[in-house]
There are 2 protein chains.
Amino acid sequence: MTYNEAKDKFIQTWGALGTTWGINKAMAQIQALLFISTEALTMEEIMDELQISRGNASMNLRQLMDWGIVFKESKRGERKEYFTTEKDVQELARQIAKERSRREIKPVIKVLKELSDIKKDGSAKNDEFIKQTKSLYELAETADTMLEKMVNHKQNWITKSIFKMIK
Amino acid sequence: MTYNEAKDKFIQTWGALGTTWGINKAMAQIQALLFISTEALTMEEIMDELQISRGNASMNLRQLMDWGIVFKESKRGERKEYFTTEKDVQELARQIAKERSRREIKPVIKVLKELSDIKKDGSAKNDEFIKQTKSLYELAETADTMLEKMVNHKQNWITKSIFKMIK
DNA sequence: TATATATTTCAATAATTTCTGAAACTTTAA
DNA sequence: TTAAAGTTTCAGAAATTATTGAAATATATA
């Protein structure tokens, strides 16, 4: 496999993986491209490599920046902007975990708490509802707390704690 | 909030969460409905509760069964089938983790391994590609191994190991 | 200030995914 | 068998999501 074939396969694979996890293809592909690039790229270069439109590139770069995993760079004497991504996989994973927690998990936890707090009326279905939403709430809380610890832990936690985790 | 409002909100919230994680809304909602239900439901009841068509219900129930989180039950003397879901959240989480690993993570790990194995040619971009895909491969491997341990561990691992994990 | 360069926005369009409904199929029981 | 009840399949329709491209906006330089 040549470099270009490998590069292409990587970008395609990353885009497809993103899709199955609710992340739009272009967004995942832009990040993939930056991730293996030796230098920062311009929007023009990204559009060209991935064969996407200016608008698409612009919108997805903005989203990636909102996620905190892509950054703008200016080169002195140059008018246009250059883009890079977080290159450290641990940091990348942490940042993504942090954002997904903030955007998607935390709000759901809040709802689950509310819901499991409806008052008892003694009926079986009501009891079941409270029981089930409460246990879901507890699981989500625990999982999110774990994610949070991971997010706040700056050293490469994962390799260190894996065998400690389930003893 | 009345029981019915709460129930509705739960189903909606669960459907919406599914959507952001690449799971189709009806599928998530059917699972939610079964999860809080005191008894097994027929397809008819599911269609009626969620206002979805027969085809939709049938297809998504099949998928949920393929994921191993919804089961068919037959009641003696009754012709139609009844559906239930896994009621234990830990087991539910385990099963979902197991399937996502098998379907989505493992295949990507395989590709990453292949890609990080392309031969060196000394060029900077080639070196960078190998370095980056390799570190992604290693992260994915470690995370997946962790997931696997979780999956194979039958007791409520999460509450037990959380504080052990990051010390 | 005017001009060129670069970026963002957004309405229109395209692509993809989901859903419907009816026909085909299966199963049970009379 | 035949009929009735239940389920699956799938082509077409609907809904949702992603993408384009051009106008509007912003920014730097002469």
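Every heavy atom of this structure was used, including side-chain atoms; hydrogens, water molecules and symmetry mates were not. Proteins get letters first, then strands, A, B, ... in listed order; numbering begins at 1 in each. A quick note: this is a predicted structure, and the numbers were derived from the prediction, not measured.
- Among residue pairs with one or both ends in residues 42-55 of chain B, those qualifying as salt bridge (charged side-chain N to carboxylate O under 4.0 Å, His left out) are B:Lys7-B:Glu49, B:Glu44-B:Arg54; sequence neighbours excluded.
- A:Glu86 places a side-chain N or O within 3.5 Å of a backbone atom of A:Asp88 that can act as its donor or acceptor partner.
- Contact between B:Leu147 and B:Ser101 at its shortest, heavy atoms only, is CD2-CB, 4.2 Å.
- To the nearest angstrom, P of C:dT8 lies 12 Å from CG of A:Asn60.
- Taking atom OH of residue B:Tyr82 and atom C1' of nucleotide D:dG6, one finds them 12 Å apart after rounding to whole Å.
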Enumerate donor-acceptor pairs with a distance under 3.5 Å from any side-chain N or O in residues 9-18 of chain B to protein atoms, sequence neighbours excluded.
from, atom 1, to, atom 2, distance (Å)
B:Lys9, NZ, A:Glu114, OE1, 3.4
B:Thr13, OG1, B:Lys9, O, 2.6
B:Trp14, NE1, B:Gln31, OE1, 3.3

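- One side chain, B:Asp121 or B:Ser123, offers a donor N or O that lies under 3.5 Å from an acceptor on the other.
- The CE-C1' distance, from B:Met65 to D:dT8, rounds to 11 Å in whole Å.
- Annotation: side chain to side chain donor-acceptor pair (under 3.5 Å) contacts involving residues 125-137 of chain B, sequence neighbours excluded, comprise A:Lys87-B:Glu128.
- In this structure, A:Met27 atom CE and D:dT17 atom P are separated by 15 Å, rounded to whole Å.
- The NZ atom of A:Lys80 sits 17 Å away from the P atom of C:dA4 (whole-angstrom rounding).
- Taken residue by residue, residues 15-26 of chain A places heavy atoms nearer than 4.0 Å to DNA chain D at A:Asn24, A:Ala26.
- In this structure, the CD atom of B:Glu81 is 12 Å from the C1' atom of D:dA5, given to the nearest Å.
- The local environment of CZ in B:Arg62 is sparse, with at most 12 non-hydrogen atoms from other residues, nucleotides or ligands closer than 6.0 Å.
- One can place CZ of A:Phe83 at 10 Å from C1' of C:dA6, the figure rounded to the nearest angstrom.
- Listed for the A:Thr142 side chain is a donor-acceptor partner under 3.5 Å among the backbone atoms of A:Glu138.
- Counting only heavy atoms from C-beta outward, the side chains of B:Phe83 and B:Phe71 never approach each other to under 4.5 Å.
- Residue-environment remark: NZ (B:Lys110) stays at or below the threshold of 12 foreign heavy atoms within 6.0 Å.
- Between the C1' atom of D:dT7 and the CG atom of B:Leu61 lies a distance of 11 Å, rounded to the nearest Å.
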**Request:** Sugar-phosphate means primed atoms, P, OP1 and OP2; the rest is base. With that split, encode nucleotides 21-30 of chain C 5' to 3' as B, S or - using protein heavy atoms under 4.0 Å.
**Result:** B-----BB--
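- Nearest heavy-atom pair, A:Lys25 versus A:Thr19, reported as atom, atom and distance to 0.1 Å: CB-OG1, 3.9 Å.
- In the region residues 28-51 of chain B, proximity to DNA chain D at under 4.0 angstrom, judged on heavy atoms, holds for B:Met43.
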